[in-house]
Each structure stands twice: as structure tokens, then as C-alpha cells.
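Accompanying notes for the structure given below.
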Amino acid sequence: MTQTPKDIAVVGSGLIGSLLAIYLKRSGHEVTVFDRRPDIRTIEFSGRSINLALSDRGWKTLHKVGIEKEIKKIAIPLFKRAMHVDGKPIYYQNYGKEGEAIWSISRGLLNRKMIDLAENTGVNFRFNERVWDIDLPDAILYTGETEKGEWKAYDYDLVFGCDGAFSRIRHKMQRRSRFDYSQNFIDIGYKELTIPANDDGTHKLEKNSFHIWPRGNFMFIAMPNLDGSFTSTLFLPFEGDISFESIKTKSQAKAFFKTYFPDVINEMDSLTEDFFKNPTSAMVTMKCYPWTYWDKVALVGDSAHAIVPFYGQGMNAGFEDIYILNELISKYGDDWEHIFEEYQKERKPNADAIAELSYRNFVEMSSKTADPCFLLQKKIEKHFAKNNPGKWIPVYSRVTFSDQPYADALAIGDEQEKIMQQIMRIQNIEAKWDSLEVEEKMLELLDKN
């Protein structure tokens, strides 16, 4: 169904705002993107990033507007996890079936590319222009240099808030009656670090793997870049005996890395330099509802549902918001109120589900991946799924390698976990994990559900 062209503002030039702008422009609308920050293409990156993991939902959304091939040029496929368990050789866990991969990509590099693609489509960008307020019923944006200074008014037909977890657009919506809002910071912070390339530009670690050093309530990860380096991230409690607070000098930082991550000891100088140069950042889960106001304003991405990064789904979930919005636009045409209402009703339960899954995955990545019992459970599940592909799809595959609703993946995953708890209690399970007895028991328990 075609739409009457509208004059639309998108607040936020990040990944979600830029991609949404491309979709809207290609639907025939006039689109202007506002951002309080300077053009990311003109500045150095801030040292606050975690490399992104593009998976099926994200690729599906990029494919819809024909830009996935451009994006794949700046991404690296990761087919497996490389587990650096203390005192043991590195071992690998495939992410999915043969050929299934998540794709490592620099947030800054992707954001620059997306802005380029949006501009090439005809989107207008207004950088260094801070939005301070919005008149929700009339979709009027107010911008200015300072909150108490002189403001300029921009009148639009619709406004999309894509301005992140601390969205200015959502802040205005929060003042309205019956608007639900919550935010929850976890007590783990993160710091971006770098493992540089070899002198010849090659990678120092296995290139097509997501490297994880699980250490209980903290961990270190590394994802490859095109230039041979790895963007690494240290997740660590803010306070406590082993924490960001407890590491105050370079010698303490070196001792920390030597103790807990000895296989990166050759990169100690660059890691400790980054440790004190780059900021320590917080992670928040933010939930709200409603996401829309009449037929005038809608929140998309982190401004509606910020999540912690441990499932690699924040960007993918935001991209999926755009895909669903586009499907509804095609279905309902000019009925923007209906489009917005259906959009938030469909996406809210799924946003809540991926928020829960993302938090759980921190526990899995930081501690369970080093637990022999957990590894055995995953081996049993993989073996059973291979023999019974229509009956058992692991929750990770449902989230990462499909477009099944997140809410369904969470619910089915919980049922699978109940079954596996019973399986793991079978006597001598370590010796007969791949036996017909175990397979028949799993089939029996599945039939009961």
C-alpha cells in the first residue's frame, strides 16, 4: 500500500536512526536526521564501543533495502567461540550448524557507512543540533545550543526518537500520565581495550572466532577487525576486591592481566595504556510503554528498549523494529495511528524477552562456559538436535539464526531447560550422554510438553 509523502524527523544519527531514515526516504518521505553530536565521520572514535555482532535479524533488515552486500564488505564472519579457560588449552564451540556465523563489525565503521548510505539516498543530516524538547501533539522539535538559551522550532508531520537509552524524546513522553518506565543498571562495567595486529597486519588470535576469557563474575572478550586488530572488552565489577575501583596504577593493571589473562601478556603495554585512557562505561536495561504518541511520535531501538550487550542483539533488535514498522507501513498505508499501535503491541513483548535473555547470557558467558557440567549439557543438546532437527532447536539458534519472535525463543528455551535439568540428573550421564536411552528420555519429556 502506498503512502502520502510526509515531512519526517528522526532524532539520532546512530545505527537505528540512519537505517530508519533510509527506509523512510525510500518510501517517498522527506527525512531529516538531527543529532546533538558532531558527524561521526569527522571525529575519532570515543573508546566506548563494543564490536557489534550482526546476525540473521539484522541481515534480513539490511537485505530489505539492498545494502547488506555493502555492509558485508566491512564485517568478519565468526563461526565459533574460542574459550580461553584458565589453565586449559583453547577449545572451540561452534555457534550453530555448518556455515552459520555471527559477523563482527566495528560500531564506528558501520555508523559511518550507514550515514553515507543514508545521504546517498537523499536524507538530510543536521549534526551539532541538540533537541531539547518536543511538542508531542503537533510533532514540533525545539533545538538550541543550551537548554535555557534561545530555541529554534521545526514543524514535522511525524517524529521518530532513535536517540538511545537516555532519549530526549522519551523523556518528554515520560511526563504524560500512565507512561511506564524503568531502568536497571547492573553492577558490572566495561572498558574497551585493543589487541593490535601483527607487524604484517595479520590477526594475533584466530580470526573467525569470538574469543572469551570467562572468569566467574568478570570476563574478557575479543572480536576481530579488518585491520588485523581485535576490539577487546573487559567486563568487571565497578567495586570490590577484583574491580575497576581496585586497579589504580599501571603496575596493578599489569598484575591483573598477568594473573587472570596470561595468554595476552605480550599485549600488556597496549592493554594497560588503553585501560587508563578509555572510560569505564555502565550498562543499563531500560523498559517503557507506550512507545508511541497518537499518529505523531514513535520510539525505535534503544530509546524504547535498551538492553545489556551479552546476547549481541541490541542492534539486531533495533533493526528488527524497523523491519516490522516497514511491514506495517506496507499493510496500512496512511493510517499511522494504526501502524504505531500495532508496532508497539508486537514489539514490546519481544523487547522484554531479549532483555531477559541478554542478562542471562552474561552468566553463561562469564561462568557457565567454563563449567564441565554446562558444557556436557550443551553437548547433549547439540547431539539430540542433530538427530532430531525438527524437535529441538537451541535457544541461541532461535535468537541468532532465525527471525522467530524473541518471546517464543524465551518461552521454548525455558521449557527446554526444564527437560535438561531432568536429563542431567540421570545416573552416570557423563558416560552415556549420547546413548539411545538419553535420546528416548528426551523424546518422552518433549511429548509431555
Side-chain angles (χ1 to χ4, degrees), residues 53 55 78-97 100 102 186 188 206 209-223 233 235-237 242 260-261 263 308-313 353-388 391-401 406 409-435 437-439 441-443 445-446 449:
S55 55
L78 310 182
F79 299 101
K80 53 192 178 295
R81 290 171 172 162
M83 305 305 302
H84 300 251
V85 177
D86 204 12
K88 296 182 180 180
I90 298 174
Y91 64 90
Y92 296 91
Q93 300 171 328
N94 289 335
Y95 272 118
K97 294 179 289 188
E100 286 184 330
I102 61 174
I186 61 174
I188 304 290
E206 207 283 323
S209 296
F210 185 144
H211 293 264
I212 305 175
W213 290 257
R215 297 296 185 265
N217 68 337
F218 64 97
M219 68 176 177
F220 184 59
I221 67 171
M223 297 178 71
T233 310
F235 296 96
L236 192 66
I242 303 173
Y260 295 105
F261 312 111
D263 54 346
V308 293
F310 303 115
Y311 227 113
Q313 287 295 306
I354 193 58
E356 173 65 21
L357 286 164
S358 297
Y359 180 75
R360 291 183 189 180
N361 214 41
F362 171 69
V363 178
E364 178 174 318
M365 290 172 69
S366 63
S367 56
K368 288 186 178 180
T369 47
D371 178 358
C373 213
F374 174 80
L375 295 175
L376 175 61
Q377 177 178 326
K378 291 302 174 186
K379 190 159 67 168
I380 294 169
E381 290 185 52
K382 185 176 181 180
H383 178 75
F384 182 78
K386 184 178 179 180
N387 290 343
N388 302 271
K391 292 182 176 292
W392 192 282
I393 301 172
V395 63
Y396 186 90
S397 293
R398 291 181 187 275
V399 169
T400 307
F401 302 122
Y406 289 127
L410 175 61
I412 293 169
D414 285 345
E415 291 303 315
Q416 289 178 338
E417 182 60 27
K418 290 177 184 176
I419 290 172
M420 291 310 301
Q421 286 175 9
Q422 295 185 60
I423 295 298
M424 296 305 289
R425 288 196 290 266
I426 293 175
Q427 190 172 8
N428 202 25
I429 185 65
E430 297 86 354
K432 52 185 175 183
W433 66 270
D434 58 350
S435 66
E437 175 192 341
V438 171
E439 184 168 345
K441 181 64 176 177
M442 289 182 71
L443 287 168
L445 292 171
L446 274 172
N449 286 339

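Model, not experiment: these values are computed from the prediction.
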For Glu437, the side chain to side chain donor-acceptor pair (under 3.5 Å) test, sequence neighbours excluded, returns Lys432

Exercise. Give the ring-plane orientation class for Trp213 versus His84, where under 30° counts as parallel, over 60° as perpendicular and anything between as tilted.
Key: parallel

Taken in chain and number order and not counting sequence neighbours, the residues that satisfy side chain to side chain donor-acceptor pair (under 3.5 Å) with Asp414 are Arg360

Exercise. So Gln93 and Leu375, side chain to side chain contact (heavy atoms under 4.5 Å, CB included) or not? Walk me through it.
Worked result: CA-CA 10 Å; Gln93 300 171 328; Leu375 295 175; 2.9 Å; yes

Applying side chain to side chain donor-acceptor pair (under 3.5 Å) to Lys379 and not counting sequence neighbours gives none

Note: Cys373 and Met424 closest approach over all heavy atoms is O-CE, 3.5 Å

Lys441 meets the salt bridge (Lys or Arg N to Asp or Glu O under 4.0 Å) criterion, sequence neighbours left out, with Glu444

Sequence neighbours excluded, the answer for ring pair (Phe, Tyr, Trp, His ring centres under 6.0 Å) partners of His383 is Trp433

With sequence neighbours left out, the residues meeting side-chain contact (heavy atoms from CB on, under 4.5 Å) with Ile412 are Arg398, Gln404, Gln416

Margin query: Working note: Ile188 + Val308, criterion side chain to side chain contact (heavy atoms under 4.5 Å, CB included); need CA distance, chi angles, decisive distance, verdict.
Written below: CA-CA 10 Å; Ile188 304 290; Val308 293; over 6 Å; no

Interatomic distance, CZ@Arg81 vs NE2@His211, rounded to 0.5 Å, equals 13.5 Å

dist Leu78:CG -> Met223:CE (nearest 0.5 Å) comes out at 5.0 Å

Tyr396 meets the ring pair (Phe, Tyr, Trp, His ring centres under 6.0 Å) criterion, sequence neighbours left out, with Tyr95, Tyr311

Those residues at least two apart in sequence (or on a different chain) that pass side-chain contact (heavy atoms from CB on, under 4.5 Å) with Leu443 are Phe384, Asn388, Lys391, Glu439

- Item | Close aromatic pair by centroid cut-off 6.0 Å: Tyr260 and Phe218 | yes

Closest heavy-atom pair, Ile426 versus Val438, reported as atoms and distance to 0.1 Å, is CD1-CG2, 4.4 Å

For Val395 and Ala409, the nearest pair of non-hydrogen atoms, with its separation, is CG2-O, 3.3 Å

Correct closest heavy-atom pair for Ile102 and Ala53 would be CD1-CB, 4.0 Å

Here the salt bridge (charged side-chain N to carboxylate O under 4.0 Å, His left out) pairs for residues 415-428, sequence neighbours left out, are Glu415-Lys418

Residues passing the side chain to side chain donor-acceptor pair (under 3.5 Å) test with Ser209, sequence neighbours excluded, are Glu206

Residue set satisfying ring pair (Phe, Tyr, Trp, His ring centres under 6.0 Å) with Phe310, at least two apart, ordered chain then number -> Phe235, Phe362

Value for CG (Leu376) from CE (Met420), rounded to nearest 0.5 Å, stands at 7.5 Å

Value for CD1 (Ile212) from CZ (Phe220), rounded to nearest 0.5 Å, stands at 12.0 Å

Quiz item: Does Lys382 reach the side chain of Pro394, with side-chain heavy atoms less than 4.5 Å apart?
Solution: no

For Lys97, the salt bridge (Lys or Arg N to Asp or Glu O under 4.0 Å) test, sequence neighbours excluded, returns none

dist Ile380:CD1 -> Ser435:OG (nearest 0.5 Å) comes out at 9.0 Å

Value for CE (Met442) from CD (Gln422), rounded to nearest 0.5 Å, stands at 11.0 Å

